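First the proteins, then the strands, lettered A, B, ... as listed; each starts at 1. Note that the structure is predicted; figures quoted are calculated from it, not measured.
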Amino acid sequence: MAELLEIKDDFDLEKIARSGQCFRVRNLGDETWRFVTREHVLYIKETENRRFSVSCTSEEWNRVWSRYFDFGRSYAEIVKRAAGLHPFIDEAMDFSRGLRVLRQDPWETLVSFIISQRKTIPAIMKSVEAMAGRYGTPVETEYETLRLFPSSEALVLASAEDLAACGLGYRTPYVMDAVQKVASGKPDLNELEKNSDDELLSALMTIRGVGIKVARCTALFGYGRMASVPIDVWISRAIEECGGESPFGLFGEDAGIIQQYVFNYMIHGKDRNKAD
DNA sequence: GGCCAGGCTGAAG
DNA sequence: CTTCAGCCTGGC
């Protein structure tokens, strides 16, 4: 651990790690968490209140991780703005405070959420890990040897059998279509940064196996489109609890972040006997 | 063994 | 335009 830094805004590593938006975060015990994005690996631990020791230099923190953790935005302010508008949202924010929406790599996010359909979170992690294990570039760190998430170029050579062996099941042709299209630049995931939210969604949905839910997850977690609200079964249940009327329209550009507070509340807070 | 899990596709109404 | 069965696979 090279650096020590103080973070004043909401930042709870365990909540972030367990909130189901990322599938390659790992706990090393000792309250140290590992995050991976593109070719960067971070080990981070809260040593005392609001003080964190990190394995990267302050230069890398500022250049890579500050953006990844979305520190350009004050989550304390978001909570303050959203408070009092809707009782269910207040409950969810109380429970989930400390959560942040990560700005992950678009390609990894896209593939991860294609895989996610009809899977549990542990099963998603297993498949993503298997893909990295087979096709990802190895990286040595002070703690371990791990593999990066494979690029589309690296996956072009993968056979259907090899991908299926990663537990992709009927999603295998979906992932292969994403690999083909993205490796050939249609769509070009970098270019999509410039698109409006709606244009981004429709471009992503040209890929087989990408419907509106997966597209919105990619927009939110991979492109930082914080107004994007993916509606899955858990969020549908939350909307039912709100009398069948979606509360997310109240929150404008922050709706996707509010959605993440609610999602975390649904899977870990309410009815926690059902799904850890 | 049956059922369901962070959806999507294609076919039928 | 809307509804709905079926889908790989793992875990209870």
Side-chain angles (χ1 to χ4, degrees), chain A residues 15-25 92 95-96 99-102 104 106 108-131 133-134 149 158-182 187 200-223 225-226 228-242 244 246-248 255-276:
Chain A
K15 278 186 183 148
I16 292 169
R18 288 163 45 81
S19 68
Q21 57 181 312
C22 47
F23 304 106
R24 295 207 66 203
V25 183
F95 181 83
S96 300
L99 207 55
R100 306 183 73 84
V101 171
L102 300 175
Q104 303 178 69
E108 176 173 348
T109 307
L110 173 64
V111 175
S112 298
F113 282 93
I114 289 173
I115 293 171
S116 77
Q117 55 193 89
R118 304 294 295 177
K119 273 183 179 287
T120 58
I121 291 172
I124 301 163
M125 293 172 131
K126 205 173 153 191
S127 286
V128 172
E129 207 56 51
M131 287 183 68
R134 283 186 181 235
F149 188 80
S159 67
E161 291 75 19
D162 286 348
L163 285 173
C166 298
L168 303 194
Y170 68 88
R171 308 159 195 82
T172 301
Y174 298 167
V175 171
M176 291 189 83
D177 189 54
V179 167
Q180 297 281 329
K181 287 197 165 87
V182 171
L200 172 60
L201 295 180
S202 50
L204 292 171
M205 285 167 62
T206 60
I207 296 164
R208 285 190 59 81
V210 179
I212 188 63
K213 190 272 178 180
V214 170
R216 283 184 177 152
C217 283
T218 307
L220 179 60
F221 305 121
Y223 286 89
R225 304 300 175 101
M226 303 306 185
S228 179
V229 178
I231 299 180
D232 60 7
V233 295
W234 293 100
I235 295 296
S236 299
R237 287 170 198 158
I239 292 173
E240 276 176 39
E241 298 211 20
C242 295
S246 170
F248 297 105
I257 294 170
I258 302 299
Q259 174 275 158
Q260 197 59 18
Y261 287 130
V262 172
F263 182 77
N264 183 67
Y265 182 46
M266 297 304 288
I267 63 172
H268 295 307
K270 286 189 85 66
D271 308 324
R272 94 166 260 136
N273 51 323
K274 286 185 198 161
D276 188 14

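- Here A:Phe113 pairs with A:Phe23, A:Phe221 under the ring-ring contact (aromatic ring centres under 6.0 Å, His included) rule; sequence neighbours left out.
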- line: Under a 4.0 Å heavy-atom criterion, the protein footprint on nucleotides 7-13 of chain B, written with B, S and -, is BSSS---
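- Comparing the P positions of C:dT3 and B:dG6 gives an interatomic distance of 23 Å, to the nearest angstrom.
- Between A:Asn264 atom CG and B:dG6 atom P there is a gap of 14 Å when expressed in whole angstrom units.
- Rounded to a whole Å, the NZ atom of A:Lys126 is 13 Å from the C1' atom of C:dC8.
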- line: Per-residue pairing states of DNA chain B in dot-bracket (Watson-Crick or G-U under 3.5 Å; . unpaired, | other strand) read .||||.|||||||
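- The CD-C1' distance, from A:Gln259 to B:dG6, rounds to 10 Å in whole Å.
- When the C1' atom of B:dA5 is taken as reference, atom CD1 of A:Ile115 falls 15 Å away, rounded to whole Å.
- Within the nucleic acid shown, A:Arg216 has no heavy atom closer than 4.0 Å to any nucleic acid atom.
- Put simply, CZ on A:Arg171 is 11 Å from P on C:dG10, counting in whole angstrom units.
- Between A:Phe113 atom CZ and B:dA5 atom P the separation is 18 Å, expressed in whole Å.
- B:dA5 atom P lies 12 Å from atom CZ of A:Phe263, rounded to whole Å.
- For A:His268 and B:dG6, the NE2 to C1' distance is 12 Å, given to the nearest whole Å.
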